[in-house]
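A short write-up of the structure that comes next.
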Amino acid sequence: MITFIRSDMTSQAMNYTVPSTKYTPEHTRYGMPQNGVTLPATRYTIHEWTGSNANQYLTSSTERTSSNNLRLEAERLRCETADRTRRTQNDINVKLQDRIDNITYWKTEVDRQLQKTDQEIANLMSSKKQLEQAHVATQLPHEVATTCLKHREGRLSIDLVHDDVEVQLLKEVEMIENIQALLQQRISESDRQLSELRHCKNNLEMDLKDKCTSYGLDSRCAGLHNGSLGMSIHNNSVKIDPKSATPVAYEAFSHDNITNAEKQRVSSCRQRELNEHTMHQTSNDLHKQAETVNESFRIRTQEMIVAKTNLEENLSQTILEIGSMNENIAALKEAIRLKDSPMKVAHMRLNTRSYRPNIELVRDPVQYGLVEEVAQITDSIEALAAKLHESEAKLRNLESNKKALEEDIAVKTNSLNIDQSQCLRLRKTLVWRRHEINF
């Protein structure tokens with residue numbers, strides 16, 4: 001028994017009974033054998049023929065209905081996913097713009113604080129320089145006073161007395177030493193404050209640099225659209241880095257940098273005020289004491305010559321070392337430059353081999369070797385760069401030391417010229433050139 005549904009898709013069923021008897025060659029079309037005629041091995045009845053057609057109609061109708069339903073479902077899914085994708089992309093665009101606005105705000109604030117911090121560093125460095133100049137300026141009166149005391153020890157007979165000049169000279173020496181210690185204390189305090197300011201500046205610069213980079217990247221992202229060229233899939237980027245900062249931590253980071261910078265600027269202003277007061281007070285005290293000393297003395301010429309000679313010898317050796325260090329830095333830079341081509345070759349090989357098709361993308365010894373080569377070259381560059389950084393820092397120290405030696409030699413040269421004069425002439429020079437030792 002074969003049951004099928006009519007092609008008009010109604011629920012009415014039509015039943016056909018197909019006989020199980022098959023006609024054989026021994027039967028004619030009327031059921032009788034016919035001699036001399038060979039018929040096919042299998043013959044079907046009219047009922048089987050009709051049933052087969054009906055079954056084809058049913059199958060065709062069912063497939064068309066299923067296909068139509070699938071097309072409708074696909075169209076609905078396309079519309080739904082397109083709308084969802086569009087809404088999601090629009091939402092991301094809004095969030096990107098909000099993020100860009102937030103970065104712009106913090107970037108502006110950090111940049112403003114950085115400029116203020118730069119200005120305060122310059123102000124404090126100027127104040128520190130005045131302290132150093134004041135500290136240097138105390139050396140000449142101190143050398144004159146101490147040299148005069150020692151020279152007066154050569155006095156003979158009745159002239160070797162403990163008079164008022166000696167009393168005032170001893171008082172002057174003590175005052176100058178106290179002033180030097182106080183000025184050095186203020187210089188050290190200024191150095192510590194400058195270190196704090198530079199630390200704040202470094203934090204602000206790093207924060208600003210990161211924000212500028214982030215601003216550029218997010219602006220680039222905001223400018224991307226479905227029609228942008230050069231886009232590709234980056235599956236490795238589809239993740240949330242657990243080490244990344246939260247928005248609260250992000251704002252707290254910049255807020256802390258700004259707050260700390262403001263705090264250090266306030267401390268720096270107080271330090272500058274203290275420096276100014278110290279310089280003014282010590283200048284008045286030193287000048288007042290210098291005016292009370294009205295005798296002249298000689299200078300210990302040999303001591304100053306020895307000191308000046310040692311400084312000049314150190315300066316000469318320092319200049320030679322600076323030349324050698326410059327050659328070393330140039331060699332390191334050239335070595336780093338020479339690593340660029342091997343690095344490019346290794347990267348190009350890795351990139352070219354990444355296009356090997358299918359099973360040919362083998363993690364073979366070549367691949368491991370190339371990766372190791374890149375790592376090795378990278379380590380070499382980092383080691384060279386570290387040594388270059390160390391060498392450049394040392395060169396800066398040498399230059400700073402050279403400058404300090406040159407300044408000290410100039411001071412000692414000036415002191416030596418004064419030491420070679422007569423005491424009275426020397427003291428009159430200090431009195432008449434009082435403005436030259438102003439702080």
Side-chain angles (χ1 to χ4, degrees), residues 84-125 189-226 228 230-272 347 371 374-375 378-379 381-383 385-386 388-390 392-393:
R84 183 168 61 246
T85 300
R86 183 172 55 256
R87 284 187 285 105
T88 300
Q89 194 174 74
N90 290 337
D91 181 60
I92 291 300
N93 289 337
V94 173
K95 290 180 179 178
L96 266 175
Q97 189 56 52
D98 290 342
R99 179 60 181 164
I100 290 172
D101 292 341
N102 182 260
I103 293 175
T104 300
Y105 167 76
W106 283 109
K107 184 164 68 73
T108 302
E109 287 299 311
V110 170
D111 184 56
R112 185 167 61 86
Q113 294 297 324
L114 179 58
Q115 292 179 7
K116 289 184 177 180
T117 303
D118 271 334
Q119 183 59 50
E120 184 56 37
I121 288 175
N123 293 340
L124 185 56
M125 288 182 66
E189 292 171 355
S190 298
D191 280 332
R192 287 193 293 270
Q193 187 59 54
L194 278 171
S195 177
E196 292 294 334
L197 285 172
R198 290 190 179 108
H199 179 69
C200 292
K201 177 186 176 182
N202 182 66
N203 290 340
L204 291 171
E205 286 177 336
M206 293 294 294
D207 196 6
L208 182 60
K209 179 181 177 182
D210 292 345
K211 282 176 170 51
C212 289
T213 301
S214 180
Y215 178 83
L217 293 174
D218 280 349
S219 296
R220 179 183 176 188
C221 290
L224 292 176
H225 54 84
N226 295 335
S228 297
M231 294 190 298
S232 59
I233 299 298
H234 300 274
N235 290 325
N236 291 335
S237 299
V238 185
K239 61 183 179 180
I240 300 297
D241 189 351
K243 296 181 181 179
S244 60
T246 64
V248 174
Y250 168 83
E251 295 193 358
F253 179 80
S254 296
H255 181 269
D256 290 344
N257 285 338
I258 291 173
T259 302
N260 191 39
E262 291 174 342
K263 177 182 176 182
Q264 293 303 328
R265 287 201 305 273
V266 171
S267 298
S268 178
C269 288
R270 293 173 180 170
Q271 183 65 49
R272 287 192 291 113
H347 274 270
V371 173
V374 170
T378 301
D379 291 342
I381 292 174
E382 290 176 353
L388 175 61
H389 178 74
E390 182 181 352
E392 289 174 340

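Between L204 atom CG and I258 atom CD1 the span is 7.0 Å, to the nearest 0.5 Å. The distance from the CG atom of D210 to the NZ atom of K107 is 13.0 Å, given to the nearest 0.5 Å. A distance of 14.5 Å separates CH2 of W106 from CG of D101, quoted to the nearest 0.5 Å. Atoms CG and CD, on D191 and Q271 in that order, are 10.0 Å from each other to the nearest 0.5 Å. Interatomic distance, CG of D118 versus SG of C200, reported as 12.0 Å (0.5 Å rounding). Note that CG of L224 and OG of S219 are 11.0 Å apart. Values are rounded to the nearest 0.5 Å.
In plain terms, the two heavy atoms of I103 and S214 that are nearest each other are CD1-OG, 3.2 Å. The nearest pair of heavy atoms linking I121 to L194 is O-CD2, 3.9 Å. A pairwise comparison of heavy atoms in L197 and S268 identifies CD1-OG, 3.5 Å as the closest pair. The nearest pair of heavy atoms linking S190 to L124 is O-CD2, 3.8 Å.
The only option from Q113, Q193, Q119 that meets the side chain to side chain donor-acceptor pair (under 3.5 Å) definition with R265 turns out to be Q113.
The number of heavy atoms from other shown groups lying within 6.0 Å of CZ (R270) does not exceed 12. Dense packing is recorded around OH of Y250, with more than 12 heavy atoms of other residues, nucleotides or ligands lying under 6.0 Å away.
Looking at heavy atoms from C-beta onward, N102 lies in side-chain contact with E251 at the 4.5 angstrom threshold. Side-chain contact between E120 and Q264: absent, with no pair of heavy atoms (C-beta onward) separated by less than 4.5 Å.
Between the T88 side chain and the R84 main chain, a donor and an acceptor come within less than 3.5 Å of each other.
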| query | Could you go step by step and tell me if K95 and D91 meet the salt bridge (charged side-chain N to carboxylate O under 4.0 Å, His left out) rule? | reply | CA-CA 6 Å; K95 290 180 179 178; D91 181 60; 3.1 Å; yes

| Under the side chain to side chain contact (heavy atoms under 4.5 Å, CB included) criterion, do R112 and E109 qualify, and how do the steps go? | CA-CA 5 Å; R112 185 167 61 86; E109 287 299 311; 2.6 Å; yes

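Looking at N90 and R87, their side chains never bring a donor and an acceptor atom within 3.5 Å of each other. Side chain to side chain, N93 and Q89 fail the donor-acceptor criterion of an N or O pair below 3.5 Å.
A salt bridge links D207 and K211; the closest N-O separation between the charged side-chain nitrogens and carboxylate oxygens is under 4.0 Å.
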